[in-house]
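Below: one structure, written as structure tokens.
If you read the sequence from its start, that first residue is 1, and numbering goes on from there. The basis for the numbers below is simple: all heavy atoms, side chains too, and nothing from hydrogens, waters or symmetry mates.
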Amino acid sequence: MSVESLVLFPQFTVKRCSIGEVGTKNPIWVHPNSLNFQRGPSRTKHLSIKSSSRDGVGDKDGVIIVDHGSRRRESNLMLKQFVAMFREKTGYLIVEPAHMELAEPSIKDAFGSCVQQGANRVIVSPFFLFPGRHWCQDIPSLTAEAAKEHPGVPYIVTAPLGLHEQLVWFLIAGCCK
């Protein structure tokens, strides 16, 4: 089986690695336009960025926005608020929050909710700034485990938020309050 990633917005790069490569120090980075997604041998479903609408997300795609999760209720509520803003701004129909650990809903619960709402592909978008072990190992593993309960529903894991010049202005705005 392979874990692929897709871009929700064109300024982000994406990564493609096999489960055997997850956690390696030298992941393979590719440009979104060069990807023709193909699932592993057990699922020979082809995924194409060009076949989806609205920046790579189609009407039958479910989007899971996943953060680390916290023991602090207030922190977990912020993800729900962000998901509501994301849904409103993008117009995507199926968007669910998930926490990697420490809180509910889990990736497994969010995946099931997306499928229950009619998603025929699930896009897991880590709400993390930079790549790390959670992105390249933990989230793909938890997503693969969740997908086992929904055979025939492919999934992809997007790149973390990454570097963008707008982040500088957000940081400046936060410092100058």
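- Atom NE2 of His134 sits about 10.5 Å away from atom CG of Asp67, to the nearest 0.5 Å.
- Within the model, atoms CD1 of Ile123 and OH of Tyr155 stand 13.5 Å from one another, a figure rounded to the nearest 0.5 Å.
- Closest heavy-atom contact between Pro160 and Phe130: CG-C, 3.6 Å.
- Atom CD of Gln166 and atom CG of Leu171 lie 13.0 Å apart (nearest 0.5 Å).
- The shortest non-hydrogen separation linking His99 to Val66 is C-CG2, 4.0 Å.
- When all heavy atoms of Pro97 and Ala110 are compared, the pair lying nearest together is O-CB, 3.6 Å.
- In this structure, the side chains of Glu101 and His68 come closer than 4.5 Å at one or more pairs of heavy atoms.
- At a threshold of 4.5 Å between non-hydrogen side-chain atoms, the residues Thr158 and Pro126 count as touching.
- Under the salt bridge (charged side-chain N to carboxylate O under 4.0 Å, His left out) criterion, Glu149 pairs with Lys108, sequence neighbours left out.
- Using modelled atom types and a 3.5 Å distance limit, the side chains of Ser141 and Glu145 yield no donor-acceptor pair.
- The two residues Ser70 and Ala103 make their nearest non-hydrogen contact at O-CB, 3.8 Å.
- Annotation for Ser106 and Ala98: closest pair O-CB, 3.7 Å, computed over non-hydrogen atoms.
- When hydrophobic clusters are built by joining Ile, Leu, Val, Met, Phe, Trp and Tyr residues whose side-chain heavy atoms come closer than 4.5 Å, directly or via intermediates, Leu161 is grouped together with Met85.
- Residues Leu163 and Phe127 fall within the same hydrophobic cluster, defined by Ile, Leu, Val, Met, Phe, Trp and Tyr side chains chained together at heavy-atom separations under 4.5 Å.
- Both Phe82 and Leu167 are assigned to one and the same hydrophobic cluster, defined by single-linkage of ILVMFWY side chains at heavy-atom distances under 4.5 Å.
- Partner Asp61 forms a side chain to side chain contact (heavy atoms under 4.5 Å, CB included) with one of Ile156, Asn120, Ile94 and no other, that one being Asn120.
- Although no hydrogens or angles enter the test, the distance criterion places a donor-acceptor pair under 3.5 Å between the side chain of Gln117 and the main chain of Ser113.
- Among all heavy-atom pairs drawn from Asp59 and Leu93, the shortest one is O-CD1, 4.1 Å.
- Evaluation of the salt bridge (charged side-chain N to carboxylate O under 4.0 Å, His left out) rule for Lys80 yields no partner, not counting sequence neighbours.
- Under the 4.5 Å side-chain heavy-atom criterion for ILVMFWY residues, a single connected hydrophobic cluster contains both Leu129 and Ile65.
- Taking 4.5 Å as the limit, every side-chain heavy atom of Val63 sits out of range of all side-chain heavy atoms of Val122.
- In terms of the salt bridge (charged side-chain N to carboxylate O under 4.0 Å, His left out) criterion, residue partners of Arg133 (sequence neighbours excluded) are, by chain and number, Asp138.
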